[in-house]
Undergrad: 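Pasting a structure here, questions to come.
Computed from heavy atoms alone, side chains included, the values below leave out hydrogens, waters and symmetry copies. Positions are given from 1, in the same order as the sequence printed here.
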Amino acid sequence: MTTEKKEIAFFERYLSVWVGLCILAGVGIGHFAGDSMSYLSRMEIYNVNIPIAILIWMMIYPMMLQIDFSSIKGVGKAPKGLILTVVINWLIKPFTMAFFAWIFFDQIFSAFIEPDLAGEYIAGAILLGAAPCTAMVFVWSYLTDGDPNYTLVQVSVNDLIILVAFVPLVGFLLGITDVTIPYETLVSSVVIFVVIPLVAGIITNKILVGKYGEDWFKTVFLPKLKPVSIIALLLTLVLLFAFQGPNILNNPMIIVLIAIPLIIQTYFIFFITWFGGRKLKLPHAICSPAAMIGASNFFELAVAVAIALFGLESPAALVTVVGVLTEVPVMLSLVALANKWKY
């Protein structure tokens, strides 16, 4: 009997390629368009850029449609995997990300990064570290033979925790780095980019499943909506790099410098979660998704909040975008490792 080889979908498989092309396109547009790009950057309401907000909402809403909080009911039957996920994502990961960012941006790279900019680079990394993955982890779980139902539980719980923990956690860590942040902007960002699309997703899910059935919803509706999320992500990156173009052209090595601590953090968290799960005697189908959730990030939320807090052209926003660039190839390497270590 042959085992069907699991493959990542075309767009997800080459996401880093699309991101790279968007970087080139964005930098080119920013260079040749010049001051005309400032018109888009001024389209704001309460420090939230309207074109970017629309695109990010289009990214996040399709993900929220997949969340089923009713799946949490059976979590008591196997709580250890969920406990591991919560501890890693909320008690360890944000702090190790802040530590690695501080070590590299403020210390090791001090000769290349000005002190007044280091704080914002650290802030962008903190936003990534405080936002656990809610979408791509379903792909990573599938590719490593994870339990899809338990993965859904882990993601759903993380979404609930984000609602109450993201703002105070980010505020605390940014306070440690001496970055002044407007809490009203941080709270409004979570409301706009998490609460509203989450509520809209739940309502849409209930209405469509009730009218057309769960099978139609999963096999027809969601696949049709998926390209919207990907296209919105790519257009967001083009705009971001169009605004960041001059900064990147003046210092092209900054992308590499940003990527180094982000990649180290990803592998570090994966290994902690993986061996922690083995220590807890979790089955592979639960341990693997837990490690994938810990290693990956909800970069859509991080990008949105970074833009709202620090602006389109900020170093913080650039860090979150580099997080998108590095995530897919790094996570694919971890998928291969998890499959190699399957038990």
Undergrad: Only distances under 3.5 Å count here; give the side-chain donor-acceptor pairs of residues 101-115 to other protein atoms, sequence neighbours excluded, each with its distance to 0.1 Å.
TA:
unit_1 : atom_1 : unit_2 : atom_2 : d
Trp102 : NE1    : Asp106 : OD2    : 3.2
Ser110 : OG     : Gln107 : O      : 2.9

Undergrad: Side chains of Trp140 and Leu332, heavy atoms from C-beta outward: is any pair under 4.5 Å?
TA: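 Trp140 vs Leu332: side chains touch.
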
Undergrad: Compare all side-chain heavy atoms of Ile196 with those of Tyr61 and state whether any distance is below 4.5 angstrom.
TA: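 When only atoms from C-beta onward are counted, Tyr61 and Ile196 do not touch, as no gap falls below 4.5 Å.
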
Undergrad: Could you tell me if Ser141 and Tyr150 have a donor-acceptor pair between their side chains, going purely by distance under 3.5 Å?
TA: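 Side-chain D/A pair, Tyr150 to Ser141: absent.
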
Undergrad: Supply the atom-to-atom distance Leu173 CG to Ile126 CD1, rounded to the nearest 0.5 angstrom.
TA: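 So the CG of Leu173 and the CD1 of Ile126 are separated by 5.0 Å.
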
Undergrad: Using every non-hydrogen atom in the two residues, find where Gly124 and Thr320 come nearest and quote the distance to one decimal.
TA: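 Minimum heavy-atom separation between Gly124 and Thr320: O-CG2, 3.7 Å.
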
Undergrad: Do Val27 and Leu24 land in one hydrophobic cluster if side-chain heavy atoms of ILVMFWY residues count as linked below 4.5 Å?
TA: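 In one cluster: no.
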
Undergrad: Tell me which one of Leu91, Thr85, Leu84 satisfies side chain to side chain contact (heavy atoms under 4.5 Å, CB included) with Ile88.
TA: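 Answer after filtering Leu91, Thr85, Leu84: Leu84.
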
Undergrad: Tell me the closest heavy-atom pair linking Ser314 and Ala306, and the distance in Å.
TA: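 In this case the closest contact between Ser314 and Ala306 is OG-O, 4.2 Å.
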
Undergrad: Quick check: do Asp147 and Gln154 have side-chain heavy atoms less than 4.5 Å from each other?
TA: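 Asp147 does not reach Gln154 side chain to side chain.
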
Undergrad: At their closest point, which heavy atom of Glu327 faces which heavy atom of Ser296, and how far apart are they?
TA: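 That would be OE2-CB, 3.3 Å.
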
Undergrad: With a 4.5 Å limit on heavy-atom distance, are the side chains of Leu208 and Leu65 in contact?
TA: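 No, every pair of side-chain atoms sits at 4.5 Å or beyond.
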
Undergrad: Return the OG1 to CD distance between Thr219 and Glu214, rounded to the nearest 0.5 Å.
TA: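 With rounding to 0.5 Å, OG1 (Thr219) is 10.0 Å from CD (Glu214).
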
Undergrad: How many angstroms lie between atom CZ of Phe271 and atom OG1 of Thr266, to the nearest 0.5 angstrom?
TA: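 It comes to 11.0 Å.
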
Undergrad: Quick check against the 3.5 Å criterion: does Asp145 have a side-chain atom that pairs as donor or acceptor with the backbone of Asn339?
TA: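 A pair under 3.5 Å: no.
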
Undergrad: Looking at CD1 of Ile272 and CD1 of Ile269, how far apart are the two atoms once the value is rounded to the nearest 0.5 Å?
TA: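 That separation rounds to 5.0 Å.
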
Undergrad: Passes side chain to side chain donor-acceptor pair (under 3.5 Å), Thr96 versus Gln265? Steps please.
TA: CA-CA 7 Å; Thr96 58; Gln265 158 80 358; 3.0 Å; yes

Undergrad: List, one per line, each side-chain donor-acceptor pair under 3.5 Å for residues 275-293, sequence neighbours excluded.
TA:
unit_1 : atom_1 : unit_2 : atom_2 : d
His284 : NE2    : Thr144 : O      : 2.9
Ser288 : OG     : Thr144 : OG1    : 2.7

Undergrad: Going through the checks in order, is the side chain to side chain contact (heavy atoms under 4.5 Å, CB included) test met by Leu169 and Phe95?
TA: CA-CA 10 Å; Leu169 182 58; Phe95 300 94; 3.8 Å; yes

Undergrad: Are the side chains of Phe217 and Tyr212 in touch, meaning some heavy atoms are under 4.5 Å apart?
TA: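 A side-chain contact is absent here, since even the closest heavy-atom pair is not under 4.5 Å.
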
Undergrad: Given side chain to side chain contact (heavy atoms under 4.5 Å, CB included), test Ile162 with Phe298 step by step and report yes or no.
TA: CA-CA 10 Å; Ile162 283 176; Phe298 189 179; 3.9 Å; yes

Undergrad: Ala242 and Ile29: which non-hydrogen atoms are nearest, and at how many Å?
TA: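 Distance-wise, the nearest heavy atoms are CB-CG2, 4.2 Å.
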
Undergrad: For atom OH of Tyr267, is the number of surrounding heavy atoms from other residues, nucleotides or ligands below 6.0 Å larger than 12?
TA: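 More than 12 within 6.0 Å, yes.
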
Undergrad: Can you see which heavy atom on Val86 is nearest to which on Val157, and at what distance?
TA: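 Scanning both residues completely, I find the closest heavy atoms to be CG2-CG1, 4.1 Å.
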
Undergrad: Taking all heavy atoms of Ala123 and all of Phe310, pick out the closest pair and write down the distance.
TA: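 Scanning both residues, the minimum pair turns out to be CB-CZ, 3.7 Å.
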
Undergrad: If you round to the nearest 0.5 Å, how far is CG of Asn89 from CD1 of Ile161?
TA: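 CG of Asn89 is found 8.0 Å from CD1 of Ile161.
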
Undergrad: Are Leu318 and Ile255 packed together at the side-chain level, in the sense that at least one heavy-atom pair is separated by less than 4.5 angstrom?
TA: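 Of all side-chain heavy-atom pairs linking Ile255 with Leu318, at least one is under 4.5 Å.
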
Undergrad: Is the Trp274 ring parallel, tilted or perpendicular to the Trp341 ring (thresholds 30°, 60°)?
TA: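 If you compare the ring of Trp274 with that of Trp341, the planes turn out tilted.
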
Undergrad: Within this structure, what is the CG-CG distance for the pair Asn297 and Leu128, rounded to the nearest 0.5 Å?
TA: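 That separation rounds to 5.0 Å.
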
